[in-house]
Amino acid sequence: MKLKSQINDIIKDAFDKAGIKHEPMSVSEATKPEFGDYQFNGAMALSKKLGKNPREIAQNILDALDLTGVLAKAEIAGPGFINLWLNPLWIATQSQSALDDARLGVGVRENPIKVVVDYSGPNMAKQMHVGHLRSTIIGDTLANLLTFLGDEVIRQNHIGDWGTQFGMLIAYLEMKDEDGSLSLKDLEQFYKDAKAQFDANADFADKAREYVVKIQSGDSHCLKLWQRFIDISLGHCEEVYKKLGVNLTRDDVRAESFYNARLPKVIDALDAKGMLAQSDGAQCVFLEGEEIPVIVQKGDGGYLYATTDLAALWYRAEVLGAKRISYVVDARQSEHFKQVFKVAKEAGFVAEDVTLEHIAFGTMMDKGGKPFKTRDGGTVKLIDLLDEAVVKARATIHDKEAYSQEEIDELAKIIGIGAVKYADLAINRESNYIFNWDKMLSFEGNTSLYMQYAYARIQSIFRKHNAPIEGDIIIGDVLEHRLATMLLRFEDVLERAAVDASPHQITTYLYDLVTLFMRFYEQNPILKEGVELETKMSRLHLADLTAKTIKQGLDILGIKVVDKL
RNA sequence: GCACUCGUAGCUCAGCUGGAUAGAGCACCCGCCUUCUAAGCGGGCGGUCUCAGGUUCGAAUCCUGACGGGUGUACCA
């Protein structure tokens, strides 16, 4: 339910009735419970425009305000705040219908669009490290979120499978893998070994260079080796995706090499538009107001990153028909995307009405706030982090006797992986990211476990109750009122998170929701003796809706819940 | 040099299109398990929101400048 816009509509009606010609500003959530549920602060802003004092304006609005349905009470406070209380009966009805709805009252978009979400994008020459975590899970969350809201989402994993380093790698693969059984367990090491061979052995280096040319010219032996290398490397990524619970499959892979055939067309099209200029032997596009040109073809005829991205944009807009294309990539590339987006629009690869956005996220730092360098041996492999998280989660599980070995394994995965993902998704994506192993593997306080724990507690109540839940939701006290209102805000939060592409708004909401539920749970007994039947049923309903909202919210974040913890 | 971005409690972070006494978690101190899962709840300690101006009835939030961290700055991706 779009709660806020419903309240805004009521304010708008009051404006019309009161004869105020201005567009009202949006209501906002009340900052404190004693100020009601929502507040409207627009009277002060209108004071100057209307030449009246704000309390008088507030009074005019208040007199025209419909207090018969959604709202039950409104009060003027301070200089002209209008505090709004939702009608408990209305809240009860609305939360009841949310509970009866498989989507928890969240609407499906009336005008869905096709959205391409480009994320993860690992390099096939290297093993995925912790730096790949953000793109992968933020992108996955965005894709899940938009799918849930009703858009048609096309996931694109733009893997790096092309470039000079592959000549060296396949030459080394050929040398080491005579019987075809090499598993490349450690890609990092393989790369280092290949590089060492390249530096030490001139013949090998020549061969590596020769192989680069041969792959590009379509030599079947080299292409076979290359394909084999990519398959193995992609297999490692898929292992990580599986552990992470990320919804990326081989069908979502649209590799750099996929665009090879389209690269000359990009150059031709830019040329035809008169956008190309030669500079120092390279083909460039000079953009107005930009100091540095976008180089699309090197002096030696080779293509670049920007060329591939232009081809990809073209493909996504024209062939896939996307109306919104979102790149979940490190903030360091913002200049690159700014330029490429501009070129793509100017060249007509992408229509004007298509939204191109760079969902940037901060750089990873070490504990001292210094950049997390890959060269000084500080790189943490993503697979190791995930495994460690699971081991640590297993150690924290209480009374292990209550579970089978398989259940413990499963539980440890759900808790451990959830903690890693949550720790990352819970911080504003734009700020820099301090990589802290301990914090990431922590299970105290504001972590996914807190949500999972609340969910399990509710399931435990249901097990104990072990009977149908009948009757209606009744808003009986302040905590019930606040809890139900919070539950009704779910759609507003999701919409907001989708517009801003910021998963942390979902985590913040879930944390607030669960905190509120924990207080409700402490103070409002459900199954204990002396609770009236009506109250008991109502509270069971509220607990049910809370559990379902937690589950749905975590599901969008790609985090699982368990019935017993 | 120029551009982008960030600067809130000891640490890690929320604070949405400006609104009432700036909020959490961790850490530290104190309470609460014979009653629905104590991986929890309640309370305490802790901040001149980097600084200086400006706009405004009203600024952590918007603008300008300074300082500090980070990033980018043409043939890597």
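Since the model is a prediction, treat every value here as computed from it, not as a measurement. By convention in this document, chain letters (A, B, ...) are assigned in the order of the sequence lines, proteins followed by strands, and residues within each chain are numbered from 1.
The phosphate of B:U37 (OP1 or OP2) has no side-chain N or O of A:Lys564 nearer than 4.0 angstrom. Residue A:Arg519 places at least one side-chain N or O closer than 4.0 Å to OP1 or OP2 of B:G42. Under 4.0 angstrom from either OP1 or OP2 of B:A74 there lies no side-chain N or O belonging to A:Tyr305. In terms of phosphate contacts, A:Lys4 brings no side-chain nitrogen or oxygen within less than 4.0 Å of OP1 or OP2 of B:C16. Phosphate contact (OP1/OP2 of B:A77, side-chain N/O of A:Lys126, threshold under 4.0 Å): absent.
By the 5.5 Å and 30° criteria, A:Phe81 is not stacked with the base of B:G19. Judged by centroid separation below 5.5 Å and plane tilt below 30°, A:His398 stacks onto the base of B:A39.
In the set B:C36, B:G15, B:C57, B:G15 carries the atom at the smallest distance from any side-chain atom of A:His504. The side chain of A:Ala45 lies closest to B:G19 when the candidates are B:C41, B:G19, B:U37.
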*Criterion ring pair (Phe, Tyr, Trp, His ring centres under 6.0 Å) on A:Tyr509 and A:His504, from CA distance to verdict*: CA-CA 8 Å; A:Tyr509 168 77; A:His504 94 277; over 10 Å; no
Please list each protein N or O that sits under 3.5 Å from an N or O in nucleotides 7-13 of chain B, with the distance.
unit_1, atom_1, unit_2, atom_2, d
B:U12, O2', A:Lys439, NZ, 2.4

*Which dot-bracket string fits RNA chain B when only Watson-Crick or G-U wobble pairs with both atom distances under 3.5 Å count, crossing pairs get [ ], and | stands for a partner on a different strand?*
(((((((..((((.....[...)))).(((((.......))))).....(((((..]....))))))))))))....
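The environment of A:Glu532 atom CD is sparse: at most 12 non-hydrogen atoms of other residues, nucleotides or ligands sit within 6.0 angstrom.
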